[in-house]
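Next up is a structure, given as structure tokens.
Both counts, for ligands and for their atoms, begin at 1 and track the order of listing. Values reported hereafter were calculated over all heavy atoms of this structure, with side chains retained and with hydrogens, waters and symmetry mates removed.
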Amino acid sequence: MNKIPESQILVIFGASGDLTHRKLIPSLFELFERKLLPEKLLIVGVARTRQSTDEFRKSLHASIIENGKTYATDNPYLENFLRIIYYIACDTTDGEAYTALFREIEQLRNAAGIDDNILFYLATPPLMYPVIPRFIQEQHQNRSTNGWRRIIVEKPYGRDEAEARHLDRLLCDIFPEREIYRIDHFLGKETVQNILVLRFANSIWEPLWNRNYIDHVEITATETLGVEQRGNYYDSAGALRDMVQSYLLQIMAFTAMEPPSSFEPEAIRNEISKVFRSLRPLSREDICRNTLRAQYAAGSTNGQKLPGYREEPHVNPQSATETFVALKLYIDNWRWADVPFFIYTGKRLAEKRSEIVIHFRNTPRTLFPGQCCGSSCNQLVITLQPDESIRLRFGLKQPGADFEVRQVSMDFFYKSLTSTRLPGAYERLLLDAMRGDSLLYSRSDALELSWHYLAPLLDDWEREKDEGLIFYPAGCTIPREVTRIHGHPYILDESVCSLR
Ligand code: BG6
């Protein structure tokens with residue numbers, strides 16, 4: 001696991017953008033400081049903005065201080081790190097510009113004595129995903145006889161099944177499948193990877209991990225943030241594409257998959273695809289009964305007023321884009337037949353929290369009066385963020401004369417395992433791609449299958465526009481209407497709210 005990657009050049013397209021500044025460069029600096037990067041490495045930023053390498057380095061310096069983890073401006077590693085970064089201005093829509101671009105990259109590579117290995121990172125608007133690889137190919141830079149070429153593609157990977165398939169065909173025509181890294185930063189989170197270890201390094205769960213003992217599963221990712229400055233992108237995507245198609249279905253697959261035959265990427269990816277293949281197709285009736293979409297209206301949090309989604313910058317004032325989704329789905333295989341999986345995700349809610357809750361079945365008979373209400377006393381709560389933790393909830397006797405049952409919990413906090421901070425998702429994923437490990441990246445068939453599953457819902461919502469869209473006030477816990485598809489009233493608490 002601690003293998004240092006081979007010497008290489010990382011070429012980031014979209015270098016003047018937000019992702020590069022907020023996530024990629026601070027993560028690379030983390031890796032540099034922890035001495036996990038190859039000794040011979042160059043990072044080349046490419047974008048249209050005219051600026052020198054010095055100017056680029058200055059802007060990155062500021063970003064690292066702002067977005068990294070508590071660095072002093074005079075951190076001795078910072079200057080050394082910035083020295084391996086270069087900037088090349090290039091109009092990436094112009095095929096001819098690539099000749100000069102690759103000439104410069106080649107010069108840098110020779111001067112630094114780096115092997116012929118290039119990792120491309122597409123951190124550009126999705127519009128450029130089909131364009132840049134074609135031009136790379138025209139320059140014969142998509143393969144090398146003396147080294148390797150890899151490409152990381154940011155999400156969104158297409159807008160629907162047809163687009164994803166089209167993009168895939170194009171990329172697979174240019175790069176071998178094993179060199180295409182489709183990034184989903186949630187999979188880079190330690191706690192998401194820990195689902196696999198929790199399930200497959202322990203024997204106690206396996207006998208219980210099925211329809212005989214599990215009543216239902218909830219997967220939630222709520223955020224306090226609104227769309228911030230990403231109105232343009234988000235308004236054409238919505239929560240279903242932004243969060244469900246990628247992260248939440250992947251997390252569901254980690255939770256539901258069969259034990260893989262080995263820990264090889266392909267063995268795990270095969271199991272993930274099998275889960276997607278077993279998803280019960282969404283009928284028209286399921287869409288009406290088991291799905292819900294909502295949008296935040298103006299509201300408040302801690303006394304601070306928050307605008308409604310339609311008032312956000314770069315958002316259509318009549319937008320029907322959903323900022324909240326609730327979904328009930330079924331996996332039609334032997335392990336999970338008739339066990340509902342609930343997925344909830346939304347922006348501008350009261351809390352930022354991502355978690356998986358496994359609700360075990362109730363005891364066959366209730367012996368004690370007042371035994372846990374709702375579905376059951378027993379839950380396994382895997383909190384992915386924040387306060388990464390695992391909790392086992394069960395019923396115990398409330399001290400006193402009666403047999404009153406009270407739900408208690410046994411808690412494990414991830415931070416008690418280590419005194420060092422947990423590595424960020426991009427750190428892990430960048431390092432893996434540099435090493436050639438694709439385990440935590442999505443495979444093309446899984447992506448297509450997830451798009452295929454959601455297609456009827458995407459079509460329906462596209463057709464219905466704001467018919468059926470409900471509204472919730474920004475800052476609330478969860479829209480009240482979720483009970484309709486959930487069926488369990490215990491999900492409600494006093495802060496659950498609705499506008500209609
Ligand atoms: C991004 C989505 O990929 O993930 C955003 O596009 C979302 O809309 C973000 O806010 C959430 O990621 P995290 O790591 O902050 O939970």
Students should be able to answer this: which protein heavy-atom is nearest to atom 11 (C) of ligand 1, and at what distance? E223 OE1, 3.8 Å

Compute the centroid of each ring, for F341 and then for W336, and state whether the two points are separated by less than 6.0 Å. yes

Salt bridge between E228 and R230, side-chain N to carboxylate O under 4.0 Å? no

Indicate yes or no: does an N/O atom of K155 lie under 3.5 Å from an N/O atom of ligand 1? yes

My understanding is that only one of N142, I174, L119, I180 makes a side-chain contact (heavy atoms from CB on, under 4.5 Å) with I151; could you say which? I180

Salt-bridge present (E462, R241; N to O < 4.0 Å): yes

Using 0.5 Å steps for rounding, measure from the CD1 atom of I214 to the OG1 atom of T255. 9.5 Å

For atom 1 (C) of ligand 1, the protein heavy atom that lies nearest, with its residue and separation: Y247 OH, 3.2 Å

Quick one: which ligand 1 atoms are inside 4.0 Å of a heavy atom on F186? 12 (O), 16 (O)

Considering only heavy atoms of Q385, which atoms of ligand 1 have at least one such atom less than 4.0 Å away? 13 (P), 16 (O)

Got the closest protein heavy atom to atom 15 (O) of ligand 1, with its distance? K352 NZ, 3.0 Å

I'd like to know if R269 pairs up with D445 as an ion pair, taking the criterion as any Lys NZ or Arg NE/NH1/NH2 lying under 4.0 Å from an Asp or Glu carboxylate oxygen. no

Starting from atom 12 (O) of ligand 1, find the nearest protein heavy-atom neighbour and note its residue, name and distance. H185 NE2, 3.2 Å

Yes or no on side-chain hydrogen bond (donor to acceptor under 3.5 Å, both in side chains) for N117 and R150, after CA distance, side-chain angles and deciding distance? CA-CA 8 Å; N117 301 324; R150 288 181 197 138; over 6 Å; no

Test your reading of the structure: does Y234 have an N or O sitting under 3.5 Å from an N or O of ligand 1? no

Is any side-chain N of the basic residue among K465 and E467 closer than 4.0 Å to the acidic one's carboxylate O? no

For D242 and ligand 1, answer yes if some heavy atom of the residue is under 4.0 Å from a ligand atom, otherwise no. yes

For K189, the ligand 1 atoms with a heavy-atom partner under 4.0 Å come out as 13 (P), 14 (O), 16 (O)

Atoms of ligand 1 under 4.0 Å from any heavy atom of K347, numbered from 1 in the order shown, are 5 (C), 7 (C), 8 (O), 10 (O)

